[in-house]
> 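Questions regarding the structure given below will be posed in turn.
Just so you know, these numbers come straight off a predicted model, no measurement behind them. We count ligands from 1, going down the list as the structure has it; atoms in each ligand are counted the same way.
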Amino acid sequence: MSDAGGNPELPHSGRAADEILAGVRAERAGDLDWRGGRAFSLVYNVDDPELERLQHEIAGILLHENALNPFRYRTLLRMEAELLSFARSLFGAGAAALSSGGTESIFLAVLTAREEAAARGVGDPQVVAASTAHPAFAKACHYLGLELTLLPVDAGGRADPDRFATEVSDRTALVVGSAPCYPYGVVDPIPELAAIAVDAGTLCHVDACLGGYLLPFWERLDQPVPQWDFRVEGVTSLSADIHKYGYSYKGASTILYRDRELQQRQLFMYDSWPGGLYASMSAAGTRPGAPIAGAWATMVHLGEQGYLRLARRVLTATEGFRAAVEGVDGLRITGEPDLSIFEFGADRDAVDPPDIGAVGDAMDERGWNLDRQQGGLHVMLSPGHDRVVEDFAGDLAASVDEARAGRVATGSGLAYGGVVDE
Ligand SMILES: Cc1ncc(COP(=O)(O)O)c(C=O)c1O
């Protein structure tokens, strides 16, 4: 049934489960096939059928449980406590909490900074970050009433400490660095930013939502990793998403603090409600059990050796994709990416630089789904991408030839998030 505008209304009578499932399976067959290795950024393709089976089954087992009151569902309580302990030891943190994703973790870090600044008597708190910081900081400042000052990055796409030193003042509640930033995959100079925060007597957050669960293993593979975590004096909080390179399914991130005292700023307690004492460590009230169970099971299944094995595959994919881009005359990678994420665009100094928009369109037609950025195309590599390096290289060279032969860009696709308002 539809209303006068053609919008569907709640069906009068329900449909059988098998019929619904068959319909959805058929519909989904036309969606992006991320297991094929030609999708980037929104899904991390671990290419591990056993892990996928585990994730499906564990989600089913704890699908209906609610971690709002963790003491009611003891299995979830144990899982959450264990995975927070794993995270604390991995990052050398004094305290950790779970959230639903990177954006919520960043909200919590900004909230903590606002509360800490208020305790120092700062009434008009400011957050200082580079222009490459994730939009979640703009969103958090907008919601929580802080001013956000964004500073230009240097030629390599990294935060510029000199600009930070000029901007940071008594009213700065939080200095932000990324490890790495999403657009260029470069790690900001965290020791310099943290030192500026220390001098100003304020907090320093490292947004490692993207790289947090990969960097420790990248380091163990003897890759050059700039200093980025609590080993740096002055870093007070850190966000790291389990649903990115931690390889769990969506709905799991960690927000970590150097010490428990600071984490208390994030705690919400309310004792004036007839329904009883309400205490909560994150923004959500009801907390679904499946992401907690999935994150725990993924970490226990992979263990250090599993994460190391997957990091090795990401490294192989990264080397292969970078070589593919560098092997095409007229393309260049932006800056010097530290990890498995990068942007590439037209090399303006080349004799005949291709129209990178046309290259993106030609790649789309070949089944690749490269995200468009302001300066070019974006690549974020998962373990499963190591299987498609040769295909990528061949299709990229052919797409550049097409662009050079006069293909005109459609100008589509410069979007990272979207809104469903129907
Ligand atoms: C560096 C960085 N920070 C934060 C986020 C936000 O994470 P989420 O989309 O899980 O809220 C992202 C997402 O890609 C990111 O790349």
> Check the side chains of W296 and E82 for a donor-acceptor pair under 3.5 angstrom, ignoring hydrogens and angles.
yes

> Using a strict cut-off of 4.0 Å, indicate which atoms of ligand 1 neighbour a heavy atom of H243.
10 (O)

> Closer than 4.0 Å to some heavy atom of T103 - which atoms of ligand 1 meet that?
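Counting atoms of ligand 1 from 1, those under 4.0 Å from T103 are 6 (C), 7 (O), 8 (P), 11 (O).
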
> Looking at D241, which atoms of ligand 1 are within less than 4.0 Å of one of its heavy atoms?
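Near D241, the atoms of ligand 1 are 7 (O), 10 (O).
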
> May I ask you to check whether Y143 and F107 place their ring centers less than 6.0 Å from one another?
yes

> Looking only at distance, does E104 have an N or O less than 3.5 Å from an N or O of ligand 1?
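For ligand 1, there is no N or O atom that lies under 3.5 Å from one belonging to E104.
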
> Would you say the ring centroid of F392 lies under 6.0 angstrom from that of H385?
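Distance test on ring centres: not under 6.0 Å, no.
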
> What pairs with S105 under side chain to side chain donor-acceptor pair (under 3.5 Å), at least two apart in sequence or on another chain?
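Partners of S105 by the side chain to side chain donor-acceptor pair (under 3.5 Å) criterion, ordered by chain and then number, come out as S99, S253.
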
> W218 ring centre to R312 NZ or CZ under 6.0 Å, with the angle to the axis within 45°?
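No, R312 does not lie over the aromatic ring of W218.
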
> Looking only at distances, can you tell me whether any N or O atom of C209, backbone or side chain, sits closer than 3.5 Å to an N or O atom of ligand 1?
no

> Please verify whether a non-hydrogen atom of K250 lies at under 4.0 Å from ligand 1.
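Contact absent.
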
